[in-house]
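Here's the structure, in structure tokens; my notes come after.
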Amino acid sequence: MKKLIFLLFILASNLAFSQLNINHYIRVGETRIQIGNYVGAIENFNIVIRFKPHLPEPYYYRGLAKHQLEDFRGAVLDYNTAIEIKPYYPDAFMNRGLAYLQLNDYAKSIADYNRAIELDPNNANIYNNRGIAKISMKDIDGAIADYDKALEINPKFTNSFINRSNAKLMKNDLRGAIRDLNQAIIIRPHFASAYLLRGLARFELNDYAAALRDFDQCIKLEPQNAYAFNNRGIVKQKLEDFRGAIVDYNTALKIDPTIANAYMNRGIARENLKLPGSEEDYAIAARLDPKFVFNAKEVDSSALARARQQANQSAQNQLPAQQTQAQPDPNSTTSNNGSANDQTDAEKNTEPKKETQEERDRRRYRLTLSDARNTPGKDDKEVDDGRIQNKNIIIDLQPIFILSSYDKYSTDFERTQYYNLELETINNFNNYDPVVTISNKPVDYLKDVFKNHILYFNERIKNNNKESQNYLSRGIFYSLIEDYPNSMSDLQKAIDLNTKNALAYFSRANCSLKMADIIEQLKQSSEAITVALNSDSKQTKVTTIETVTDYSNVLNDYETCLQLNPDFAFAYFNKAYVKCKMRDYEGALTDLNKALEIETDFAEAYFNRGLTKIYLDDVEGGALDLSKAGELGIQDAYNIIKRYCN
């Protein structure tokens with residue numbers, strides 16, 4: 001009996017300890033959200049979900065973290081799960097509504113806000129957010145009613161003053177808008193967007209001096225606000241200070257090279273001053289926005305007025321977003337996700353409109369302009385506010401996986417990325433000294449260690465030159481020090497001694513691929529051809545490369561590896577990488593699908609499949625794959641989601 005009581009006591013203690021650990025992970029995750037460590041928060045909630053998948057809170061908070069990283073689709077999936085587990089969850093409905101709003105799915109957004117209001121009728125944030133969704137569907141009066149209700153609940157809710165002023169601007173109630181903006185500035189004197197909007201209203205009232213003061217103050221508070229520079233340029237252009245206007249347009253386009261009306265207005269200013277470059281500006285504006293497609297030779301004062309009006313409207317449409325504060329306390333969640341006046345034909349429908357080829361071309365052109373600005377440079381500052389989606393990265397596929405190793409006596413080596421049973425054969429044979437792992441991380445700093453391993457296997461081969469595993473091991477380390485000819489020789493010998501050695505074929509394929517890449521790089525440096533785009537001698541000249549690389553031997557070795565071990569996901573992953581190099585994207589998708597069937601948490605496969613889908617214009621599918629890659633730890637995925645999917 002005493003023994004039974006003792007066992008029950010131990011069991012109860014273990015359960016309490018387990019619960020305590022789960023609560024600790026949840027609290028740490030919440031804290032990480034509060035301090036802006038969103039990636040760390042996702043890691044914490046992944047652990048909680050793994051052990052307690054029935055709890056709604058970890059899904060909700062992980063959704064908040066993804067939301068802050070602008071992974072709106074991933075956030076929606078987590079909010080969905082939280083709501084499935086806990087149907088009466090107003091915070092989840094509110095934030096899912098905001099995510100739908102940011103995905104331009106306004107009908108679903110309003111439906112979620114309606115449900116959230118039923119569950120929490122005294123939450124000003126919900127009314128404010130529903131107002132944004134309504135104004136996006138051109139229900140201006142309904143939006144104003146929601147902002148009124150939000151301000152009735154919270155009379156000092158600055159975002160609702162800002163949003164209501166924007167709605168009043170849309171109704172041409174300029175003085176009413178200015179009254180709201182004055183109130184917002186009294187409550188929050190350093191709110192840059194309030195000065196930006198008030199400047200627009202004063203401009204419409206022809207109070208140019210006051211408008212200039214407001215735009216100056218906005219720039220002082222937010223020096224990277226491209227729309228403030230653009231709007232100040234419009235005022236200067238109205239006052240016929242064309243040179244001053246051009247300076248402001250230049251600054252606006254340096255900050256954001258995708259503002260179509262800035263190109264349009266700069267072109268008009270240049271034409272007035274008879275300066276070169278106006279034709280190029282008109283052409284870029286037309287490519288970015290169809291409303292600027294016109295014959296530049298017909299520009300007159302009325303065209304200038306239309307351009308000014310369009311510039312004013314675009315400045316209102318594209319205000320800097322007031323980011324949702326993802327706090328565990330829903331009452332501290334405020335949101336004015338940009339101005340809700342982004343009016344296009346697609347928004348007249350309740351369902352999101354499918355992207356046309358013309359729209360896709362315009363989006364790609366905007367990305368081309370934006371990418372020129374976002375290329376990483378040596379002077380770039382490290383992003384330290386947790387919003388890693390804002391850092392500059394070079395977008396490329398995740399590299400292939402190879403058989404690698406580490407220095408087991410070092411204290412700073414990274415943990416093993418993946419485990420595969422196929423590695424047990426070679427590690428057991430070598431008695432785990434050295435340890436062979438599979439990884440796609442660089443290990444150049446361990447070359448001296450690997451050279452010692454080669455010396456070790458030299459002795460083993462002297463003692464037994466009939467053992468395939470000895471040649472395979474030495475071939476692996478030759479490859480890791482980039483001695484590919486010796487590596488190929490050893491791997492061939494390993495295969496000759498044992499034609500059933502799957503890892504030998506896998507390693508030989510990797511080695512062949514590395515050698516092919518080196519040859520291709522040599523060709524690129526010696527066979528570059530310079531051509532002009534569109535056969536126009538005046539166009540900027542670019543360098544294009546014509547190279548044909550035969551990857552058939554590489555693919556054959558991967559295929560043989562898979563015949564010997566059909567569950568070796570890394571061979572499928574590497575095959576897909578090679579097929580992407582060959583521009584066989586459909587074939588690459590097939591292989592990545594197979595890799596993910598085998599290894600369901602294969603982050604790199606999700607990442608590469610996401611990029612491949614985006615290239616094939618499946619933006620939605622690509623975004624979901626990148627979201628999963630980010631959830632599993634590949635931080636660059638969030639940057640790509642922001643730039644290519646949102």
Side-chain angles (χ1 to χ4, degrees), residues 396-405 417-426 436-442 468-469 471-480 482 484-485 487-520 547-600 602-609 611-612:
D396 201 357
L397 294 170
Q398 289 288 302
I400 63 168
F401 279 80
I402 62 172
L403 296 183
S404 184
S405 188
Q417 277 184 272
Y418 296 101
Y419 169 82
N420 191 276
L421 192 61
E422 188 71 36
L423 299 177
E424 285 300 292
T425 303
I426 188 170
V436 174
T437 63
I438 190 156
S439 173
N440 70 342
K441 306 299 183 189
S468 173
Q469 297 289 14
Y471 287 100
L472 171 58
S473 299
R474 191 172 70 174
I476 290 168
F477 289 107
Y478 270 132
S479 180
L480 290 173
E482 299 178 0
Y484 300 120
S487 177
M488 289 292 289
S489 176
D490 275 353
L491 294 171
Q492 182 60 54
K493 186 67 173 177
I495 291 170
D496 291 342
L497 292 170
N498 180 5
T499 58
K500 303 296 184 183
N501 193 332
L503 291 183
Y505 290 100
F506 180 73
S507 297
R508 189 172 70 175
N510 293 340
C511 193
S512 298
L513 180 59
K514 296 284 188 182
M515 294 175 70
D517 287 344
I518 291 172
I519 294 170
E520 185 177 12
T547 60
V548 178
T549 304
D550 184 5
Y551 293 109
S552 57
N553 289 336
V554 176
L555 292 174
N556 288 339
D557 274 347
Y558 286 138
E559 194 59 44
T560 304
C561 172
L562 289 167
Q563 289 172 3
L564 296 170
N565 183 355
D567 293 330
F568 196 58
F570 308 99
Y572 283 110
F573 178 88
N574 289 6
K575 268 181 68 183
Y577 181 92
V578 174
K579 287 180 179 179
C580 282
K581 290 173 72 72
M582 298 169 65
R583 301 184 182 181
D584 177 11
Y585 301 109
E586 296 292 348
L589 281 181
T590 300
D591 285 331
L592 289 167
N593 291 341
K594 189 64 178 177
L596 286 165
E597 287 177 18
I598 299 167
E599 188 78 43
T600 56
F602 200 163
E604 291 80 5
Y606 280 112
F607 185 92
N608 284 6
R609 191 173 72 174
L611 281 184
T612 306

So K594 and L562, side chain to side chain contact (heavy atoms under 4.5 Å, CB included) or not? Walk me through it.
CA-CA 11 Å; K594 189 64 178 177; L562 289 167; over 6 Å; no
Just wondering, do [Y] and [X] contact through their side chains at under 4.5 Å, heavy atoms?
X: E599; Y: Y572; result: no
X: L403; Y: L423; result: yes
X: V578; Y: I400; result: no
X: I438; Y: F506; result: yes
X: D396; Y: L611; result: no
X: Y471; Y: L491; result: no
X: L397; Y: K581; result: no

Go through the structure and list residues passing ring pair (Phe, Tyr, Trp, His ring centres under 6.0 Å) with F570, not counting sequence neighbours.
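F570: ring pair (Phe, Tyr, Trp, His ring centres under 6.0 Å) contacts with F401, Y418, F568, F602.
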Listed partners of F477 passing ring pair (Phe, Tyr, Trp, His ring centres under 6.0 Å), at least two apart
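Ring pair (Phe, Tyr, Trp, His ring centres under 6.0 Å) check on F477 returns F450, H453.
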So which heavy atom on [X] is nearest to which on [Y], and how close?
X: S405; Y: T437; result: N-OG1, 3.8 Å
X: A576; Y: L592; result: CB-CG, 3.5 Å
X: S552; Y: D550; result: OG-OD1, 2.8 Å
X: Y577; Y: P399; result: CE1-CA, 4.1 Å
X: C580; Y: A588; result: SG-CB, 3.6 Å

When rounded to the nearest 0.5 angstrom, what distance separates [atom1] in [X] from [atom2] in [Y]?
X: K575; Y: L513; atom1: NZ; atom2: CG; result: 14.0 Å
X: I495; Y: D490; atom1: CD1; atom2: CG; result: 11.5 Å
X: L472; Y: S487; atom1: CG; atom2: OG; result: 9.0 Å
X: L596; Y: F573; atom1: CG; atom2: CZ; result: 9.5 Å
X: K493; Y: N498; atom1: NZ; atom2: CG; result: 13.0 Å
X: Q398; Y: K441; atom1: CD; atom2: NZ; result: 6.0 Å

Okay, side chain of T612, backbone of N608: is any donor-acceptor separation there less than 3.5 Å?
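At least one qualifying donor-acceptor pair exists.
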No-hydrogen, no-angle side-chain donor-acceptor test under 3.5 Å, [X] and [Y]:
X: S512; Y: N553; value: no
X: Y558; Y: N510; value: yes
X: N593; Y: E597; value: no

Would N501 and Q469 satisfy side chain to side chain contact (heavy atoms under 4.5 Å, CB included), going step by step from the backbone distance to the final call?
CA-CA 9 Å; N501 193 332; Q469 297 289 14; 3.8 Å; yes
From CA spacing to verdict: side chain to side chain contact (heavy atoms under 4.5 Å, CB included), I402, L480:
CA-CA 9 Å; I402 62 172; L480 290 173; 3.8 Å; yes
Set of residues satisfying salt bridge (charged side-chain N to carboxylate O under 4.0 Å, His left out) with respect to K579, sequence neighbours excluded
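Applying salt bridge (charged side-chain N to carboxylate O under 4.0 Å, His left out) to K579 gives D591.
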